[in-house]
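These notes are about the structure you will find just below.
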Amino acid sequence: MMMQIFISKMIMPGLLALLLLLLSSLLSVRGGESYAAINCRKHTASLVDFGGVGDGKTSNTEAFRRAVANLSAHAADGGVQLVVPEGKWLTGSFNLTSHFTLYLEKDATILASQDESEWPQVAVLPSYGRGRDAPGGRFSSLIFGTNLTDVVITGNNGTIDGQGAYWWDKFKKEELNLTRPYLIEIMYSDQVQIAYLTLVNSPSWFVHPIYSSNVFVQGLTILAPVDSPNTDGIDPDSCTNVRIEDCYIVSGDDCIAIKSGWDQYGIKFGMPTKHMSIRRLTCISPDSATIALGSEMSGGIQDVRAETILAINTQSGVRIKTAPGRGGYVKDIFVKGMIMKTMKYVFWMTSTYNSHPDPGYDPKALPVIQGINYRDMVAENVTYSARLEGIEGDPFTGICISNVNISLTEKPKELQWNCTDIAGVTSNVTPTACDLLPEKKPAIDCPFPTDRLPIEDVEMKMCSVPHNYVR
Ligand SMILES: *[C@@H]1O[C@H](CO)[C@@H](O)[C@H](O)[C@H]1NC(C)=O
Ligand SMILES: *[C@@H]1O[C@H](CO)[C@@H](O)[C@H](O)[C@H]1NC(C)=O
Ligand SMILES: *[C@@H]1O[C@H](CO)[C@@H](O)[C@H](O)[C@H]1NC(C)=O
Ligand SMILES: *[C@@H]1O[C@H](CO)[C@@H](O)[C@H](O)[C@H]1NC(C)=O
Ligand SMILES: *[C@@H]1O[C@H](CO)[C@@H](O)[C@H](O)[C@H]1NC(C)=O
Ligand SMILES: *[C@@H]1O[C@H](CO)[C@@H](O)[C@H](O)[C@H]1NC(C)=O
Ligand SMILES: *[C@@H]1O[C@H](CO)[C@@H](O)[C@H](O)[C@H]1NC(C)=O
Ligand SMILES: *[C@@H]1O[C@H](CO)[C@@H](O)[C@H](O)[C@H]1NC(C)=O
């Protein structure tokens with residue numbers, strides 16, 4: 001029964017997407033291409049108008065920069081969409097502007113340059129205090145935006161290829177003095193949409209919205225080798241109102257990592273991630289989590305709702321990562337409807353994630369972990385059901401786990417539920433949980449909010465690219 005509902009939930013959006021795709025390809029024959037977005041634009045331009053050359057060799061960095069600078073003049077007059085046509089468009093980092101859509105045609109690929117002079121240096125993030133890879137500055141992300149309103153990066157499943165091997169290699173050899181670029185970073189912005197694209201081989205994290213609100217991430221296919229370093233899929237960081245749906249992610253790090261700043265810098269900046277919805281995610285990540293909360297969570301994480309999640313050959317399901325020194329909190333987390341196949345851990349909470357920005361952190365800054373709710377899950381071929389490790393004198397409380405069936409691998413670990421410094425309850429969970437999570441009688445369902453977040457009800461508009469801009 002549960003499985004049936006789950007499967008129909010997974011399949012229906014797929015059928016819908018297929019219908020939309022068919023519809024849009026029919027439309028593209030006669031009247032251009034249509035796509036769903038938070039806002040449509042009055043004006044359209046092509047990268048070619050600004051001298052772009054899609055031969056995979058010529059640098060388009062100046063073409064992109066010229067285009068954005070020129071087109072920003074239309075922001076107040078109904079906005080503008082910049083079309084990237086079929087071809088391979090090599091470029092370094094460029095910035096976006098407000099009331100702007102970057103639209104990639106189906107066979108358009110933006111290829112990230114491997115020439116470091118095409119990647120300007122930007123300041124470290126105030127909530128991190130330093131770069132993640134190196135103490136100094138950072139390379140600007142391939143596609144970057146700051147202090148924007150209403151910005152869309154989308155297309156007919158075009159590709160953005162970070163050509164990350166160059167950066168992974170330098171990172172592994174410790175030859176970088178600056179932190180690697182992300183593929184897409186949008187900072188201090190409101191009304192942000194990143195959708196319907198294929199993103200491959202980011203130098204580091206793929207999609208990093210930070211200090212932003214009303215963020216939509218939809219229909220992304222994100223692909224990186226499962227051994228590539230720090231290739232997190234989507235990292236909402238100090239953001240409010242975030243909706244992530246219909247994404248397929250194969251990566252070398254967490255598929256989704258929810259963050260809010262690092263130790264004393266994150267505590268001081270004090271900007272949480274909250275009111276977030278994740279739906280219909282498929283994740284493959286053998287060494288990382290399906291959804292991680294942290295490890296940088298010093299500004300707090302609250303009110304995250306996740307449902308209809310499929311994880312295959314992934315290290316863990318939802319994982320909380322923290323440590324003394326982080327401060328902050330992870331509260332009111334709700335997850336339901338998750339299928340997991342071949343997992344090392346189903347449930348994992350780590351309280352010793354001891355990477356710190358510098359020695360200035362305060363070891364007495366203890367995180368508060370409270371109100372963590374998991375229900376309606378099936379996991380098979382599992383090595384450990386749960387490793388739940390709170391902090392001595394700072395237990396993780398209000399844990400609730402219900403209606404979860406876990407079947408084990410041929411060689412499971414003897415201690416299936418390893419619990420320390422935690423408190424909560426379970427109901428209808430197999431194998432039976434640890435004594436710190438006693439079985440509730442009579443049986444209960446762990447809570448999941450019955451209200452909807454305003455961002456879940458925002459409807460997309462149907463926009464179009466005129467026929468003379470599409471092949
Ligand atoms: C850029 O903007 C100027 C001024 O609005 C305009 O004259 C010009 O044609 C635009 N387009 C390009 C391709 O430079
Ligand atoms: C992009 O924006 C950043 C931050 O405002 C700025 O430092 C950088 O110079 C901009 N790059 C370009 C090409 O305009
Ligand atoms: C962007 O917004 C932040 C926060 O409001 C502000 O501190 C910063 O100065 C702004 N930057 C620019 C380039 O306007
Ligand atoms: C987009 O392209 C990727 C890579 O080719 C493919 O796996 C995915 O199914 C495509 N998505 C859609 C909606 O066509
Ligand atoms: C980066 O670090 C190396 C040593 O690891 C040094 O030789 C080089 O000058 C540094 N480059 C910059 C731009 O600071
Ligand atoms: C777990 O197994 C029980 C007993 O077979 C069943 O009633 C329940 O629906 C299953 N739960 C899920 C999430 O499939
Ligand atoms: C089960 O998990 C083990 C690793 O623990 C893996 O080697 C094996 O291929 C998995 N079996 C199936 C049927 O997926
Ligand atoms: C149980 O968890 C603790 C803390 O995470 C760890 O140190 C210990 O080795 C684990 N025990 C077993 C038997 O896995």
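Just so you know, ligand 1 is whichever comes first in the structure, and atom 1 is the first atom listed for that ligand.
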(request) Output the list of atoms in ligand 6 that are nearer than 4.0 Å to some heavy atom of N403, sorted by atom number. (result) 8 (C), 10 (C), 11 (N), 12 (C), 13 (C)
(message) Closer than 4.0 Å to some heavy atom of V378 - which atoms of ligand 6 meet that?
(response) 12 (C), 13 (C), 14 (O)
(request) Take atom 9 (O) of ligand 3 and look for protein heavy atoms under 4.0 Å from it; say yes if you find one, no if not. (result) no
(request) Hey, can you tell me if Y188 and F269 have their rings parallel, tilted or perpendicular (30° and 60° cut-offs)? (result) tilted
(request) Please determine if T221 has a nitrogen or oxygen closer than 3.5 Å to a nitrogen or oxygen of ligand 4. (result) no
(request) Report the relative orientation of the aromatic rings in W348 and Y345; use parallel for angles under 30°, tilted for 30 to 60°, perpendicular for over 60°. (result) parallel
(message) Looking at every heavy atom in both H208 and D235, which two are closest together, and how far apart are they?
(response) CD2-O, 3.2 Å
(message) Has T426 got a side-chain atom pairing as donor or acceptor with L437's backbone, closer than 3.5 angstrom?
(response) yes
(request) Please report which non-hydrogen protein atom sits nearest to atom 2 (O) of ligand 3, along with the residue it belongs to and the distance in Å to one decimal place. (result) N147 ND2, 2.2 Å
(message) Under 4.0 Å from atom 14 (O) of ligand 3, is there at least one protein heavy atom?
(response) yes
(request) Would you mind reporting whether F94 and L102 have side-chain heavy atoms less than 4.5 Å apart? (result) yes
(message) Please report whether ligand 6 has a polar contact with D376, defined as an N or O pair separated by less than 3.5 Å (distance criterion only).
(response) no
(message) Salt bridge or not between K336 and D376? Use side-chain N to carboxylate O under 4.0 Å.
(response) no
(message) List ligand 6 atoms under 4.0 Å from M377, heavy atoms only on the residue side.
(response) 13 (C)
(request) Look at the aromatic rings of F139 and W167 and report parallel, tilted or perpendicular, splitting at 30° and 60°. (result) perpendicular
(request) Taking only heavy atoms of T198 into account, list the atoms of ligand 4 that are under 4.0 Å away from them. (result) 1 (C), 2 (O), 3 (C), 4 (C)
